[in-house]
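Beneath this line is the structure, given in structure tokens, with notes to follow.
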Amino acid sequence: MKKVYIYKGFERFWHWSQAMLIFLLALTGFEIHNSITLFGFELAVTLHNTAAVSFIVLIIFTIFWHFTTGEWRQYIPTTKNLKAQFEYYISGIFKNAPHPTRKTQLSKLNPLQRLVYLGLKVIFIPLMVISGVLYMFYRYPVAGKVESLGFSSVTPIAVLHTIGAFILLAFVIVHLYLITTGQTITSNLKAMLTGWEELEEEHNDPKEKEEKKPSHE
Ligand code: HEM
């Protein structure tokens with residue numbers, strides 16, 4: 001085993017700010033939706049709008065970071081070990097089987113993570129941002145219509161936004177469980193807090209090297 005620096009400073013900042021913002025957006029969003037009572041409706045709306053704008057600013061910086069560092073390559077989907085990873089989570093994990101994929105600095109996501117995180121980045125987070133911004137436009141500047149876009153009712157926007165919120169919530173629950181399935185129960189959490197993780201030594205497999213492209217801080 002050796003200590004490896006897996007998650008860089010900005011990446012950890014982005015991850016935890018995103019986690020806090022999504023948590024606040026979910027709490028206030030479900031209050032707006034009338035599922036819970038916590039802040040009171042008016043404050044929930046103000047907090048939701050403020051968190052939403054902060055989230056959009058964070059997303060802009062994060063997109064910039066992914067492209068300038070080359071880290072976007074970590075999310076290129078692969079079918080290699082995808083089935084093995086899936087079988088590990090539904091069966092192997094309960095029989096103490098070894099992890100089917102080895103985490104390295106240059107390939108820190110397993111094939112299932114690549115697919116799920118890519119889906120979040122290109123489908124579900126954009127869905128929340130676009131439907132949320134449309135919701136804002138519907139609510140505030142034109143108060144009741146988004147006529148230029150052909151929306152005469154808020155219902156389709158609200159339904160899409162709410163479906164997205166439930167999907168994000170489901171993701172967070174599964175994510176919290178999967179955090180505990182690293183080398184030890186806390187190793188993934190510690191890595192995202194400190195950046196460092198104890199990993200198996202890399203073997204000199206030339207085929208693996210070929211697939212990985214270097215990234216910069
Ligand atoms: C940039 C991202 C987002 C924007 C711009 C945004 C914007 C909005 C707006 C304007 C509303 C309506 C507020 C009102 O009625 O005055 C709303 C409602 C809501 N939001 Fe968001 N939101 C975003 C992200 C999220 C996220 C990440 C979640 C959940 C994880 C979420 C969950 C909800 C829910 C559940 C509602 C209530 C929907 C309804 O009952 O019609 N939102 N959002």
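As the structure lists them, so they are numbered: ligands from 1, and atoms in each ligand from 1. Quick caveat, the model's predicted, so the values are computed rather than measured.
- In this comparison of Met128, His33, Glu42, the heavy atom closest to atom 40 (O) of ligand 1 sits on His33.
- Note on Phe171 and Leu112: separate hydrophobic clusters, where clusters join Ile, Leu, Val, Met, Phe, Trp and Tyr whose side-chain heavy atoms are under 4.5 Å apart, directly or indirectly.
- Salt-bridge check for Glu197 with Lys108: failed, with every basic side-chain N at 4.0 Å or more from each acidic carboxylate O.
- Close contacts between ligand 1 and Ile56 involve ligand atoms 1 (C) [criterion: under 4.0 Å to a heavy atom].
- At a cut-off of 3.5 Å, with distance as the only test, no side-chain donor of Glu198 or Ser187 sits close to an acceptor on the other residue.
- Of all the heavy atoms of Val53, none lies under 4.0 Å from any atom of ligand 1, so neither backbone nor side chain is involved.
- Distances below 4.0 Å separate heavy atoms of Leu168 from the following atoms of ligand 1: 27 (C), 30 (C).
- Counting only non-hydrogen atoms, the option in Tyr135, Phe23, Phe55 that gets closest to atom 41 (O) of ligand 1 is Tyr135.
- Heavy-atom contacts from other residues, nucleotides or ligands closer than 6.0 Å to CZ of Phe13 number 12 or fewer.
- Tyr177 and Ile179 fall into different hydrophobic clusters, where Ile, Leu, Val, Met, Phe, Trp and Tyr residues are linked whenever their side-chain heavy atoms come under 4.5 Å apart, directly or through other members.
- Taking 4.0 Å as the cut-off, Asn49 counts as a neighbour of ligand 1 on heavy-atom distance.
- Rounded to 10°, the angle formed at atom 21 (Fe) of ligand 1 by NE2 of His48 and NE2 of His161 is 180°.
- Against a heavy-atom cut-off of under 4.0 Å, Val133 is close to the following atoms of ligand 1: 5 (C).
- Close approach of ligand 1 to Met136 is summarised as follows: ligand atoms under 4.0 Å from at least one heavy atom of the residue are 5 (C), 10 (C).
- With Ala165, Gly164, Ala52 as candidates, the residue nearest to atom 4 (C) of ligand 1 on a non-hydrogen basis is Ala52.
- Interface atoms of ligand 1 facing Thr162, defined by a heavy-atom separation under 4.0 Å, are 38 (C), 39 (C).
- One N or O on the side chain of Thr46 and one on the backbone of Glu42 form a donor-acceptor pair closer than 3.5 Å.
- Within ligand 1, the atoms closer than 4.0 Å to a non-hydrogen atom of Ala158 are 41 (O), numbered from 1 in the order shown.
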Between Leu199 and Ile6, is the side chain to side chain contact (heavy atoms under 4.5 Å, CB included) condition met? List the steps. CA-CA 10 Å; Leu199 297 172; Ile6 291 280; 3.5 Å; yes
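- Linking Ile, Leu, Val, Met, Phe, Trp and Tyr residues whenever their side-chain heavy atoms come within less than 4.5 Å leaves Val174 and Tyr117 in two separate clusters.
- Shortest non-hydrogen contact noted between Pro100 and Tyr88 is CD-CG, 3.6 Å.
- The ligand atoms of ligand 1 that sit less than 4.0 angstrom from a heavy atom of Gly29 are 20 (N), 32 (C), 33 (C), 34 (C), 35 (C), 36 (C), 37 (C).
- Taking only non-hydrogen atoms, the option from Val129, Ile157, Ile167, Thr28 nearest to atom 2 (C) of ligand 1 is Val129.
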